[in-house]
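So the structure is just underneath, and the comments pick up after that.
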Amino acid sequence: MTIRTNTPNALVDPPIPVRAKLAAAWTSFMFLYIYVDYYHLYKPGTIDDLLAGVVFEFDISPALMTAFLALIAIPALMVLLSMALPARVNRATNLVVASLYIPVTVFNAVGETWDWAAFYGLSIGLELLLLAFILRSAWTWPRTPAVIPAGAETADLRQDLRQ
């Protein structure tokens with residue numbers, strides 16, 4: 001006698017391309033980056049400082065606003081670039097940009113009081129985890145062996161590889 005059980009089929013978990021992982025990580029980074037800045041506006045005194053023309057210790061100016069735009073535009077563009085750049089350039093670009101954003105991210109805590117440690121600790125910690133994921137994904141980007149062209153001049157090389 002055979003006993004039949006209704007076991008569910010295992011879910012298929014196909015590998016996710018590195019490009020998609022990087023684009024998703026940069027998208028998550030952007031959401032955090034934007035929302036941390038937005039929620040910072042709820043901190044008492046922030047709106048008063050903005051109305052007085054000051055952000056952190058800096059006077060609000062076209063140069064400051066341009067710098068802020070550049071800081072937010074780079075990770076936003078990394079979403080697209082992670083999907084569009086050739087693999088070699090993509091890997092290098094992700095490694096460089098993610099490395100440069102580590103100090104930018106940590107800078108958000110400069111001058112803050114311990115009252116706000118949980119907010120900044122969580123937000124900076126999550127952003128750093130995403131940057132670490134980006135660095136690891138780019139660093140461990142899979143490689144494929146080079147293809148050796150067919151032909152008489154490469155026959156010896158192909159034979160050496162077989163051995």
Side-chain angles (χ1 to χ4, degrees), residues 10-43 46 49-50 54-150 154 157-158 160-162:
L11 295 175
V12 176
D13 195 11
I16 299 170
V18 176
R19 293 174 190 275
K21 288 180 184 180
L22 292 170
W26 281 113
T27 302
S28 294
F29 181 84
M30 283 302 305
F31 274 112
L32 277 170
Y33 200 81
I34 291 167
Y35 274 102
V36 168
D37 283 351
Y38 175 75
Y39 288 140
H40 175 76
L41 295 174
Y42 289 96
K43 182 179 173 189
T46 301
D49 288 345
L50 288 173
V54 177
V55 174
F56 185 56
E57 299 289 328
F58 306 107
D59 290 334
I60 296 174
S61 66
L64 181 69
M65 297 311 294
T66 302
F68 286 171
L69 179 61
L71 281 174
I72 200 77
I74 292 169
L77 290 172
M78 287 305 297
V79 176
L80 170 67
L81 294 176
S82 293
M83 293 300 288
L85 289 175
R88 185 182 210 102
V89 176
N90 197 334
R91 179 179 185 262
T93 303
N94 273 279
L95 289 171
V96 169
V97 174
S99 296
L100 292 175
Y101 266 80
I102 290 171
V104 170
T105 299
V106 173
F107 180 77
N108 284 327
V110 171
E112 293 302 330
T113 64
W114 283 106
D115 296 341
W116 289 88
F119 174 76
Y120 287 104
L122 181 60
S123 63
I124 291 169
L126 291 171
E127 288 176 6
L128 289 174
L129 282 173
L130 285 166
L131 291 171
F133 177 83
I134 290 165
L135 288 169
R136 183 179 182 278
S137 297
W139 185 260
T140 60
W141 195 303
R143 294 174 178 359
T144 56
V147 177
I148 300 171
T154 60
L157 180 56
R158 287 193 311 272
D160 291 342
L161 287 175
R162 286 186 205 127

From Ile124 atom CD1 to Glu112 atom CD, the distance as rounded to the nearest 0.5 Å: 8.5 Å

Decide if atom CD1 of Ile16 counts as having more than 12 heavy atoms of other residues, nucleotides or ligands within a radius under 6.0 Å. no

Should the pair Tyr42 and Tyr39 be assigned to parallel (<30°), tilted (30 to 60°) or perpendicular (>60°) ring geometry? tilted

Can any side-chain N or O of Thr46 pair as donor or acceptor with the backbone N or O of His40 at less than 3.5 Å? yes

Nearest heavy-atom pair of Pro142 and Val18: which atoms, and what distance? CD-CG2, 3.5 Å

Taking the side chain as C-beta and beyond, is there a heavy-atom pair between Leu85 and Arg91 under 4.5 Å? no

Output the distance between atom CE (Met78) and atom OH (Tyr101), rounded to the nearest 0.5 Å. 10.0 Å

Look at the rings of Phe119 and Trp116 and say which category their plane angle falls in: under 30° parallel, 30 to 60° tilted, over 60° perpendicular. perpendicular

Taking side chain as C-beta onward, heavy atoms only, is Ser99 less than 4.5 Å from Leu135? yes

Asp49 side-chain N/O to Val55 backbone N/O, donor-acceptor pair under 3.5 Å: no

Distance (rounded to the nearest 0.5 Å) between Leu22 CG and Phe29 CZ: 13.5 Å

Is it true that atom CZ of Phe56 has more than 12 heavy atoms of other residues, nucleotides or ligands lying nearer than 6.0 Å? yes

If you look at every heavy atom in Ser82 and Asn90, which pair is closest and at what distance? O-ND2, 2.7 Å

Roughly how far, to the nearest 0.5 Å, is the CD atom of Glu127 from the CG atom of Leu122? 10.0 Å

Do the ring centers of Phe58 and Phe68 come within less than 6.0 Å of each other? no

Keeping to residues at least two apart or across chains, list the salt bridge (Lys or Arg N to Asp or Glu O under 4.0 Å) pairs with something in residues 75-84. none

Backbone N/O of Ile134 and side chain of Ser137: donor-acceptor pair under 3.5 Å: no

Passing candidate, side chain to side chain contact (heavy atoms under 4.5 Å, CB included) with Val104, options Ile74, Leu131, Leu71: Leu71

Out of curiosity, Leu64 CG to Leu69 CG, how far, rounded to the nearest 0.5 Å? 11.5 Å

Could you go through the side-chain contact (heavy atoms from CB on, under 4.5 Å) check for Leu32 and Ser123 one step at a time? CA-CA 7 Å; Leu32 277 170; Ser123 63; 5.7 Å; no

Could you check if a side-chain atom of Val54 sits within less than 4.5 angstrom of a side-chain atom of Asp59, using non-hydrogen atoms only? yes

Using 0.5 Å steps for rounding, measure from the OH atom of Tyr33 to the CH2 atom of Trp26. 10.0 Å

